[in-house]
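Written out below as structure tokens is the structure these notes cover.
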Amino acid sequence: MNGDAAELTAAQLDRAIGAVIGMAVGNALGSGYAFAPKPHPADIHMRAGGLGPYTAGEWADDTAMAMPILEVLAAGGDLLSRAAQDQVAARWVAWVRTAKDVAPIISDVLRAYDRSVGAESLRRAATVLHTAGTAASGNGSLMRTTPITLGYLHDEAGLALAARTYSDLTHGNPEAAEACILWNLAQRRAILDGRFDVRAGLSSLPANRARDWDEIISTAEAGLPQDFAIRNGWGAQMVQTVCSAITHCEASGPGHFEETLRLVVSSGGDTPTSAAVAGSLLGARWGLSAIPLEWRRRIHGWPGMRDAELMRLAWQAVTGKGWPVEFAIPPMSIPPVVHPDDAGVLLGGVRGLRPLPSRIDAVVSLCRLGELQVPSPPVADEDHINVWLIDSDNPADNPNLSLVAEQAVGMLMELRAEGRAVYLHCDDGRSRTPFIASLYGARLTDTPARDVLREIQQAVPLARLNPVFQRMIYTFT
């Protein structure tokens, strides 16, 4: 398990959490287009429908089945222990009773669950189905494998073993486990090194299987995603669909996350799973900070969670720490003040959340919030937006800063267009808040951001941007 996960850099932590949120976002985005006529990439949005059917923004069985694994890791459990596997198996069986959609093979396996035997009863059933030739190498274990990566970022062999162990719980075909191993190890490489390498896990496979998978990947790189999407209910073709999309998407930089997901969904086939699998690797490469806030705002699903809860569980899983009751609040945290260019936007620090000014019905948080640092009175879940932004003078800590700033400004404008009164805050209200508020004012009034910052500093004399934010103030358009 991750003994030294606390040593991750800010960018690596961003990417680790991004793998989980990327999976859920992709799953929810693809759900509305499952086995439907292929949409144009530009027309793709969170919509209701799919195999469930699901509400707009609701993740499907892919993320639902990943949740028990994530929960075990977040609680500090050892995934390779019998107790952890039994816990995951029991949670799957509880989930399937009310699930909107369950793959036939998984349903067959879960029906064989024996509480007295636990997870081993599922593994035996999966083996029987495979031996009988009634279970092929489907994508049902690949779709949920992402959280395992967070538990073994510094243990490549342990990660490969855990990937195989959890695949075998429902899929007896070794090829399904091989796909999971490749995907988990590709995610690990993306999180630690910030690059795509789907071949990173080949050395963890038997030599003959590694050669077969290398050829599968090469074929994907030479073809287009729609060439493989027609059969991407199978594990190998799912890997090919996503690898091809990642290779052929023309976008560069963090925008590659959104554009590749659109390409995957527009390729058709099993879009809930292909987008979940793609989103997990794209998130591991580009980070939570690259995922569109509009998509994060909408996601929700079993077991009654949203973006904020997923982020907390992923943080706990990768750091091995419990989520704090409160994050430290600097003693000079400023009280709420009105934005000089928009009376419908208030600026401040965490202290302004409790009590929240009476007319505020939306919150944009630029910092992490502890369990007791939630708005009071509360705002609607979809109207509390959490932006991943680090207050640091090291540019490496915010590798997607331009996109994050653009997304935050765009979300402020969207909330205001919906008639929301917004509280924009960070921990103390002195750096991140005036940074985003200045960019918002510049976009709103078509004036230089540095001039807006001076207006804000008149109301908040303690406002002092770090050098990285300060430089961006002079280049934002």
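Note that the structure is a prediction, hence the values are computed from the model and not measured.
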Smallest separation among heavy atoms of [X] and [Y], with atom names:
X      : Y      : result
Cys426 : Leu366 : CB-CB, 4.1 Å
Pro303 : Glu71  : CG-OE2, 3.7 Å
Ala36  : Arg47  : CB-NH2, 4.5 Å
Cys249 : Glu259 : SG-CB, 3.6 Å
Pro39  : Ile44  : CG-CG1, 3.8 Å
Val239 : Ala179 : CG2-CB, 4.2 Å

Between the main-chain N or O of [Y] and the side-chain N or O of [X], is there a donor-acceptor pair closer than 3.5 Å?
X      : Y      : result
His248 : Gly223 : yes
Asp155 : Gly158 : yes
Ser141 : Ser167 : no
Ser392 : Asn394 : yes
Gln240 : Ile217 : no
Ser31  : Pro272 : no
Glu418 : Leu415 : no
Trp323 : Leu369 : yes
Asp78  : Leu80  : yes
Ser121 : Val117 : no

What is the distance from atom [atom1] of [X] to atom [atom2] of [Y], rounded to the nearest 0.5 Å?
X      : Y      : atom1 : atom2 : value
Leu73  : Gln316 : CG    : CD    : 11.0 Å
Ile148 : Leu153 : CD1   : CG    : 12.5 Å
Thr260 : Ile246 : OG1   : CD1   : 6.5 Å
Asn208 : Leu205 : CG    : CG    : 9.5 Å
Asp101 : Asp61  : CG    : CG    : 5.0 Å
Thr9   : Ile191 : OG1   : CD1   : 11.0 Å

Does either side chain, that of [X] or that of [Y], offer a donor lying less than 3.5 Å from an acceptor on the other one?
X      : Y      : result
Asp114 : Ser116 : yes
Glu221 : Ser244 : no
Ser280 : Gln187 : yes
Glu178 : Trp213 : yes
Arg123 : Gln85  : yes
Arg199 : Ser218 : yes

What I'd like to find out is whether the side chain of [X] reaches to under 4.5 Å of the side chain of [Y], using heavy atoms alone.
X      : Y      : value
Asp62  : Met23  : no
Glu7   : His154 : no
Leu263 : Pro225 : yes
Met238 : Trp183 : no
Trp315 : Leu13  : yes
Trp95  : Val102 : yes
Thr63  : Trp302 : no
Thr241 : Asp270 : no

message = Before you tell me yes or no, could you show the steps for Phe228 and Thr219 under side-chain contact (heavy atoms from CB on, under 4.5 Å), namely the whole-Å CA-CA distance, both residues' side-chain angles and the distance that decides it to 0.1 Å?
response = CA-CA 10 Å; Phe228 313 103; Thr219 301; 4.0 Å; yes
Residue pair Val387, Leu293: steps toward the side-chain contact (heavy atoms from CB on, under 4.5 Å) verdict = CA-CA 8 Å; Val387 179; Leu293 288 175; 3.9 Å; yes
task = May I have the step-by-step check of side-chain contact (heavy atoms from CB on, under 4.5 Å) for Leu79 and Ile69, ending in yes or no?
result = CA-CA 8 Å; Leu79 287 181; Ile69 301 172; 4.0 Å; yes
So that I can tick it off, tell me whether [Y] and [X] are bridged by a salt bridge, with the cut-off set at under 4.0 angstrom between side-chain N and carboxylate O.
X      : Y      : answer
Arg312 : Glu309 : no
Asp168 : Arg164 : no
Glu258 : Arg262 : yes
Asp383 : Arg297 : yes
Glu175 : Arg209 : yes
Glu414 : Arg420 : no
Asp427 : Arg432 : yes
Asp108 : Arg111 : yes

message = Tell me whether the count of non-hydrogen atoms from other residues, nucleotides or ligands lying under 6.0 Å of CZ in Arg354 goes above 12.
response = yes
message = One pair to check against salt bridge (charged side-chain N to carboxylate O under 4.0 Å, His left out): Arg298 and Glu294. What are the steps and the verdict?
response = CA-CA 7 Å; Arg298 305 298 179 188; Glu294 173 59 26; 2.9 Å; yes
key: Pair His171 and Tyr166, ring centroids less than 6.0 Å apart   = no
query = Trp286 and Ile291: side-chain contact (heavy atoms from CB on, under 4.5 Å), yes or no, with the steps?
reply = CA-CA 8 Å; Trp286 296 111; Ile291 302 176; over 6 Å; no
query = What do the steps show when you test Ser365 against His384 for side-chain hydrogen bond (donor to acceptor under 3.5 Å, both in side chains), and what is the final call?
reply = CA-CA 7 Å; Ser365 298; His384 187 179; 2.8 Å; yes
